[in-house]
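Take a look at the structure below.
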There are 2 protein chains.
Amino acid sequence: MKKLIAIIAGLALAAGAANAQELANFAFGGPRIVSPEIQGDSVTFRLSANYATVVNLSGSWMPNPWGGSIPMQKGADGVWSVKIALPSPEIYTYNFVVDGVSVNDPLNYMVQRDGTRYLNMLMVPGERTENYFPANQRGTVSYKWYDSEILGINRRLTVYTPYGYETSKAKYPVLYLLHGAGGDEEAWTSMGRAAQILDNLIEKGLAEPMIVVMPNGNPNQQAACTMGLPNKEMSWNDPAYQNAYVRSLCEEIVPFIEKNYRVIAKPESRAIAGLSMGGGHTITASILYPEMFDYICPLSAAGSATAEQVKALKDAGVKLYFLACGTTDFLYEGSKALDKTLTEQGLDHIFYESDGGHVWSNWRLYLNTFAPLLFK
Amino acid sequence: MKKLIAIIAGLALAAGAANAQELANFAFGGPRIVSPEIQGDSVTFRLSANYATVVNLSGSWMPNPWGGSIPMQKGADGVWSVKIALPSPEIYTYNFVVDGVSVNDPLNYMVQRDGTRYLNMLMVPGERTENYFPANQRGTVSYKWYDSEILGINRRLTVYTPYGYETSKAKYPVLYLLHGAGGDEEAWTSMGRAAQILDNLIEKGLAEPMIVVMPNGNPNQQAACTMGLPNKEMSWNDPAYQNAYVRSLCEEIVPFIEKNYRVIAKPESRAIAGLSMGGGHTITASILYPEMFDYICPLSAAGSATAEQVKALKDAGVKLYFLACGTTDFLYEGSKALDKTLTEQGLDHIFYESDGGHVWSNWRLYLNTFAPLLFK
């Protein structure tokens with residue numbers, strides 16, 4: 001019996017069968033279906049759906065990814081397919097729409113989680129995405145728990161330690177990297193490819209080896225929904241919860257990390273960055289704790305700062321203020337206003353403007369751009 | 001603009017909207033759809049699919065989960081639903097079949113990954129599943145990389161450290177926990193609920209605080225497919241790769257763990273357990289390295305041992321030999337044969353027989369059963 005299993009498994013492995021549909025095809029002598037299949041400058045998507053009436057493809061590269069879709073054609077074998085021009089290098093998400101129902105590609109195990117949704121990924125290689133693929137030297141990603149007295153709950157956070165951390169005796173600087181509304185402590189590693197980006201930048205000598213801490217920015221959440229823990233009931237008007245998450249970040253998470261990891265516990269070795277809501281948290285943290293972080297990077301930020309608040313940062317000797325926003329982002333005007341205030345107050349800074357809007361393609365680009373500027 | 005976003009997000013959060021479909025329903029005043037919904041001793045599944053012709057439900061609790069399915073009924077609102085008797089406490093997987101295409105439940109973010117497939121979970125609470133839900137005190141789960149000279153690749157493994165590891169100065173015993181064919185280094189934490197089981201057992205004082213190491217048992221793989229790394233080409237007949245994974249486990253992974261974690265590096269503080277192919281790896285490791293592990297737990301194992309090999313384990317002073325198998329498992333006869341050899345050679349052991357077959361419900365049960373017996 002053992003041998004029989006080994007033989008079957010061996011045959012399936014030898015054939016490169018990768019999942020149930022492929023195994024079934026292999027076992028019953030059918031063709032092997034691949035999806036998505038990148039060939040030169042085109043990509044083909046396929047779905048076996050013999051009894052479906054209409055099958056469409058919807059992808060984030062389309063002009064209107066929420067409503068746009070491309071019809072797929074049914075072959076004699078019941079496999080629907082469509083071949084399109086390969087979009088420019090980026091990580092896209094897509095799904096099929098089978099008789100009006102969104103369906104993930106069962107042949108593609110590359111999946112992101114965005115809040116409660118699982119989305120198939122199409123990774124198009126190229127210069128822009130080079131650092132989004134695995135490096136040769138890879139750091140550790142850990143899911144840890146800390147007690148928050150401010151929020152009254154035990155909470156999970158994600159910690160990236162760079163390659164070599166375990167065997168080195170060195171102390172490291174720390175980047176606190178915050179997600180946006182709808183995200184959680186897995187957003188930057190899942191959609192943001194943060195571990196891959198840092199691995200690549202560090203391996204290439206472009207960024208300092210650093211620890212990256214990615215907390216959960218929803219003050220009522222213990223952890224990502226997938227952990228199955230109930231959210232805490234909170235009254236949003238309760239003064240006790242005013243800026244509660246930012247206070248927990250600076251008064252609880254920073255000390256927790258500095259106690260449990262080999263870190264350089266000084267402002268010049270602390271950076272804070274965040275996107276959208278997390279950009280707001282970044283700005284708020286810099287206002288409430290101007291002495292804590294020497295590197296401040298609000299990305300597509302939902303937040304603003306007054307002249308006085310900016311002056312306090314200048315007085316504190318901030319080393320880098322990296323403000324980034326897409327020119328079609330609905331928060332672009334706010335970023336321009338903050339840029340103006342920073343300029344007026346004479347705080348040296350970078351206003352990094354990119355094409356596009358409020359999307360992960362920009363946030364990956366920003367991380368890949370500002371991480372090399374930290375701790376130097 | 002910031003205020004407007006905050007208001008929208010606040011409203012959505014206040015309404016408890018949890019994903020895109022719910023948000024859309026909320027935004028457009030539609031009803032909030034919940035799936036699956038456990039009420040008393042029934043559970044209802046729902047899917048919005050106005051243009052589908054036939055929608056069925058398929059679940060792992062059904063007599064024939066591979067082919068069995070229950071028809072769902074379409075309501076006037078285009079929502080298909082079916083209400084069934086709640087199956088007995090266990091973690092089940094299920095999916096919808098929309099016009100012949102398997103579709104995950106978009107309203108259920110509780111998902112397991114089984115190889116290349118993502119499967120929705122139905123978690124039915126009860127005495128049997130008590131330890132599968134989150135405990136109050138939770139350990140850390142880390143994804144680490146080690147270099148294997150034997151396999152010639154850098155490889156990922158999963159490490160669970162118990163609650164309190166970071167702040168304690170104690171040294172811990174280690175359980176090496178191996179997956180089966182088709183699995184990888186995430187199988188035990190995803191399908192096996194290993195972190196939750198250990199958290200609960202340790203919190204209740206039923207198991208010793210221990211580290212659990214879950215490597216990748218596919219010698220050609222660097223890591224789970226989701227990491228997007230190419231598999232190594234290996235000739236399965238090459239003598240160089242004979243027992244290569246087991247050798248890497250005992251000669252590379254064990255030393256790697258004992259160097260990088262605070263562990264008690266002695267046989268009486270090392271346990272090895274594995275399911276199916278991993279049960280075979282467990283038996284092979286115990287044969288090739290009889291002095292290494294004092295606790296040996298082959299689960300639904302694809303493997304056997306001779307009288308002589310068992311005698312060597314007895315001579316080595318093994319403290320626990322926990323053999324487990326389901327009575328309808330296709331490997332049951334092999335386990336009975338091993339039980340007989342163990343008895344004949346006078347090696348004290350437990351032969352734990354359970355209902356059912358070669359399934360994760362058994363492997364969770366076995367971990368929950370043998371973990372309290374380790375290191376005592």
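All values below were derived from every heavy atom in this structure, side-chain atoms included, with hydrogens, water molecules and symmetry-related copies excluded. Here is the naming used below: chain letters follow the sequence lines, and residue numbers restart at 1 for every chain. What you see is a predicted model; the values in this text were computed from it and never measured.
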inquiry  = If I compare all heavy atoms of A:Val101 with all of B:Ser48, which pair ends up nearest, and what's the gap?
reply    =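 Of all heavy-atom pairs spanning A:Val101 and B:Ser48, the closest is CG2-O, 4.0 Å.
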Could you tell me which portion of [X] (side chain, backbone, both or neither) has an atom closer than 4.5 angstrom to a non-hydrogen atom of chain B?
{"X": "A:Val111", "result": "both"}
{"X": "A:Glu333", "result": "neither"}
{"X": "A:Asn154", "result": "both"}

Do [X] and [Y] come within less than 4.5 Å of each other through their side chains, counting heavy atoms only?
{"X": "A:Thr116", "Y": "B:Asn108", "value": "no"}
{"X": "A:Lys259", "Y": "B:Thr167", "value": "yes"}
{"X": "B:Tyr143", "Y": "A:Tyr143", "value": "yes"}
{"X": "B:Met110", "Y": "A:Met227", "value": "no"}
{"X": "A:Gln222", "Y": "B:Arg138", "value": "yes"}

What's the separation between atom [atom1] in [X] and atom [atom2] in [Y], rounded to the nearest 0.5 Å?
{"X": "B:Thr140", "Y": "A:Leu157", "atom1": "OG1", "atom2": "CG", "value": "9.0 Å"}
{"X": "B:Asp147", "Y": "A:Gln137", "atom1": "CG", "atom2": "CD", "value": "9.0 Å"}
{"X": "A:Arg117", "Y": "B:Tyr109", "atom1": "CZ", "atom2": "OH", "value": "14.5 Å"}

ask   = In terms of side-chain geometry, is the basic nitrogen of B:Glu166 or A:Lys144 positioned less than 4.0 Å from the acidic oxygen of its partner?
value =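 Yes, B:Glu166 and A:Lys144 are salt-bridged.
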request  = Report the option among B:Cys225, B:Gly182, B:Pro134 that has the most heavy-atom pairs separated by less than 4.5 Å from atoms of chain A.
outcome  =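 That would be B:Cys225.
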ask   = Among B:Thr158, B:Val103, B:Asn136, which has the most heavy-atom pairs under 4.5 Å with chain A?
value =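 Among B:Thr158, B:Val103, B:Asn136, the one with the most close pairs to chain A is B:Val103.
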ask   = So which of A:Asn231, A:Thr226, A:Val98 has the largest heavy-atom pair count under 4.5 angstrom toward chain B?
value =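 When all of A:Asn231, A:Thr226, A:Val98 are compared, A:Thr226 has the most.
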request  = Determine the interplanar angle of the A:Tyr118 and B:Tyr118 rings, folded into 0 to 90°, and report it as parallel if under 30°, tilted if 30 to 60°, perpendicular if over 60°.
outcome  =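 The arrangement is tilted - the two ring planes meet at 30° to 60°.
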